[in-house]
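Everything below concerns the one structure shown next.
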Amino acid sequence: MNRLLPWCALLLPLVSAIAITLFTLRFKTLSSFLSVAAVLGSFGCSCLIFGSSNISAPAFTWIDISGVFRVPLGLVLDNLSKTMLVLVSGVGSLIHIYSLGYMRDDEGKSRYFAALSLFMFAMLGIVLSNNFVMLFIFWELVGFTSYVLIGHWFERDAAADAAKKAFITTRIGDFGFMLGILMVWAATGSVVFAEIAPRLATLTNHPAFLTTAALLIFCGAVGKSAQFPLHVWLPDAMEGPTPISALIHAATMVAAGVYMLVRVGFIIQASQTALLVIAWIGTITAVLAALIATQQNDIKRILAYSTLSQLGYMVMAVGLASREAAMFHLFTHAFFKALLFLAAGSVIVMLHHEQNIWKMGGLSRNLPITFLTFGAGALALIGCPPFSGFFSKDAILAIAYERNVPIFVVGLLTAFLTAFYVVRLLVVVFFGKARSEIARKSNESPVVMTGPLIVLALLATFGGFAFFARNFLVLPIEKNIAFFVPVLAISALVLGSGLAITLYRNRKSEPFDIELFRRLFYVNEFYSWFINWTQELLARISAFCDRWIIDAGAVGGASGGTWGIGALLRLVQGGNLQAYLFLFGLGIVGLIYFAVFH
């Protein structure tokens, strides 16, 4: 039975998705409970797997072409995948339960839960895959299901556009990912992780080839984990339901890129050039997103940019060759970011889907549970001791201080900015006077929504302790650095928080406007300009050639000539007997004329 547990953990959400789609689509309540039961079952199996020291899963041969190309259907069950399995299914379970309240009156409730179950199946598949081909298939399935979930309210143009933007942008990164996989297979002759590692010399003997393959694989993470310059899709994904925002931004889709980089870390860490590029991409993403977050007014978009920034920290840790620090922060981030999004959803629902923070205020009195849980998540996010984010983010900063001081300086600046925009959010939303009628009359959310908030708040508060001792011991950090860096980080926290309180206390509107940050550094405008002068220009040229050269020229001329001849023949073949007799007589006269005179 133990050998079937991993397959049960993986397949239960798929069974739920199929059952809802084929049999219970018209029964909304039944569909939602099927989905919740499946993910809870998957979480139970994951806990049993995590607690077992010698569990394995049967593997099956899927593709075997004369030993040249072999792809098994196999699962990897090491400490990394076991931990990630519990994290994904556990956070996913809480979001499923929360969705029962958030989506209770939605017309597409059954469709939502079917897609949610399929998404969980795909994400668990990424965690458990033991080879590149399986991983890539589940990777693409996550992309498809996220497209469906982000565009759940497809009747709204903004949601439909956001879904398309997410799907197309991540496909750009996935194309590079696919090329990287092909390069690794061409060099090692295998796509199975356990078989590639001992054959790594075939890659390391060709440094340029190795670096290219590693960076192409990293392209997949740039798309999925929304790193610069493919970060533009993630904030727009806020158009989907808030539980989806929590699911995508916490331990699943965007974390998949970081998990993948850690899973194939033996390839990436073999190239120092690739590591340096990855570290700086993560650093740039972290500070860029933090700067943008300081000028956002939509509560969900502020949290979205904080996700971008924290993912930047994780990618920074991968580039600094510290998989432990990256996974530690991924672990804690899953708790406090899911908490923050779900708490924001509680605010949004109780304010009748108002998302502008300047129409809120004073909510700490009307939504006490939401306020306390949101506060716990916010303190974890800014790295306030003893909340979970303090341990994991400081571990990354300590590694950066030891291995790359310029990256550390930018990371510390990002910590200051994080404290600033998060405290700004807290002050404007929960303190002061209510700035609208709906804010004054708001009430606390139902238990089905506040229950998951309380659980996540406890995890966000104490979750760092579970990994702190182990991760602190395995991270190669000198003792003086381990104490010096937290002092600097706490100083940045105090300065950022104090500045935000000073600027935003009792404010009714934004006191300053930095257009560069508010306009997202004009990255979207650049993409629009670039597409307009490349793809759109080529499309316009092609349309002109098609209409005026091909249609009106060669094809048009040939078709026009054929049409004219046909028109003349239609005049001859009119079906009128008298006309036929006249033409017959005319023909005879013509023959006689030519016979006599020629």
Side-chain angles (χ1 to χ4, degrees), residues 56-57 59-81 84 125-140 171-225 227 256-282 314-324 326-327 403 476:
S56 61
F60 310 94
T61 299
W62 179 26
I63 302 172
D64 192 351
I65 305 175
S66 303
V68 177
F69 183 65
R70 186 180 69 86
V71 181
L73 287 176
L75 308 181
V76 59
L77 293 168
D78 56 8
N79 289 333
L80 176 62
S81 63
M84 196 69 179
I126 289 176
V127 171
L128 292 171
S129 296
N130 74 343
N131 63 81
F132 268 123
V133 174
M134 278 183 66
L135 174 65
F136 190 76
I137 291 171
F138 285 117
W139 190 270
E140 293 303 301
R171 294 293 76 69
I172 296 171
D174 292 352
F175 180 71
F177 186 26
M178 181 178 64
L179 293 179
I181 292 172
L182 291 173
M183 289 181 71
V184 171
W185 170 70
T188 63
S190 178
V191 293
V192 181
F193 302 137
E195 295 175 0
I196 294 171
R199 305 177 192 178
L200 201 60
T202 57
L203 283 168
T204 55
N205 289 336
H206 302 86
F209 187 91
L210 168 64
T211 299
T212 303
L215 290 177
L216 284 171
I217 289 172
F218 174 58
C219 284
V222 171
K224 276 288 188 293
S225 292
Q227 296 297 286
V258 178
Y259 173 79
M260 182 271 291
L261 292 176
V262 172
R263 171 59 65 197
V264 300
F266 58 91
I267 297 174
I268 293 168
Q269 291 185 16
S271 170
Q272 291 301 313
T273 303
L275 285 175
L276 186 62
V277 171
I278 291 170
W280 273 109
I281 289 292
M314 298 175 212
V315 173
M316 180 200 302
V318 171
L320 294 170
S322 179
R323 55 174 278 173
E324 294 85 3
M327 288 305 298
R403 300 179 184 179

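Please read these numbers as outputs of a predicted model, since none were measured by experiment.
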Shortest non-hydrogen separation from Leu210 to Leu203 and the atoms involved: CB-O, 3.5 Å

Can you tell me how far the CG atom of Leu215 sits from the CG atom of Leu179, to the nearest 0.5 Å? 12.5 Å

Looking at side-chain heavy atoms only, is the closest gap between Ile126 and Met84 below 4.5 Å? no

Non-hydrogen side-chain atoms of Arg323 and Leu80 separated by less than 4.5 Å: yes

Any donor-acceptor pair under 3.5 Å from Ser190 side chain to Val192 backbone: yes

Contact summary for Val133 and Trp62, nearest pair of heavy atoms: CG1-CZ3, 3.8 Å

Return the NE2 to OG1 distance between His206 and Thr211, rounded to the nearest 0.5 Å. 12.5 Å

Any side-chain heavy atom of Phe132 within less than 4.5 Å of one from Ile217? yes

Can you sort out the partners of Arg70 under salt bridge (charged side-chain N to carboxylate O under 4.0 Å, His left out), two or more places apart, ordered by chain and number? Glu195

Kindly compute the distance separating OG (Ser225) from CD1 (Ile281), expressed to the nearest 0.5 Å. 13.0 Å

Given 3.5 Å as the limit, does a donor-acceptor pair link the side chain of Ser322 with the main chain of Ala317, or not? no

If we only count heavy atoms from C-beta on, is the Val127 to Phe138 side-chain gap below 4.5 Å? no

Closest heavy-atom pair, Pro198 versus Ala194, reported as atoms and distance to 0.1 Å, is CD-O, 3.1 Å

So which atom in Asp174 and which in Glu140 form the shortest heavy-atom distance, rounded to 0.1 Å? OD2-OE2, 2.7 Å

Ala213 to Val184 - nearest heavy-atom pair and separation: CB-CG2, 4.3 Å

Whether the side chain of Ser81 engages the backbone of Asp78 through a donor-acceptor N/O pair (distance < 3.5 Å, no angle test) should be reported. yes

Any side-chain heavy-atom pair of Leu200 and Thr188 under 4.5 Å: no

Under the side-chain contact (heavy atoms from CB on, under 4.5 Å) criterion, do Val318 and Phe218 qualify, and how do the steps go? CA-CA 11 Å; Val318 171; Phe218 174 58; over 6 Å; no

Rounded to the nearest 0.5 angstrom, the CE-CZ distance for Met134 and Phe193 is 9.5 Å

From CD1 (Ile267) to OG1 (Thr204), nearest 0.5 Å: 11.5 Å

Are the side chains of Leu77 and Leu128 in contact, using a 4.5 Å heavy-atom criterion? yes

Write down the atom of Trp185, the atom of Val68, and the distance for their closest heavy-atom approach. NE1-O, 3.7 Å

For the aromatic rings, using the six-membered ring if either is Trp, is the centroid distance between Trp139 and Phe177 under 6.0 Å? yes

Give a yes or no on whether Phe175 atom CZ has more than 12 heavy-atom contacts from other residues, nucleotides or ligands under 6.0 Å away. no

To the nearest 0.5 Å, atom CD1 of Ile268 lies from atom CE of Met260 at 6.5 Å

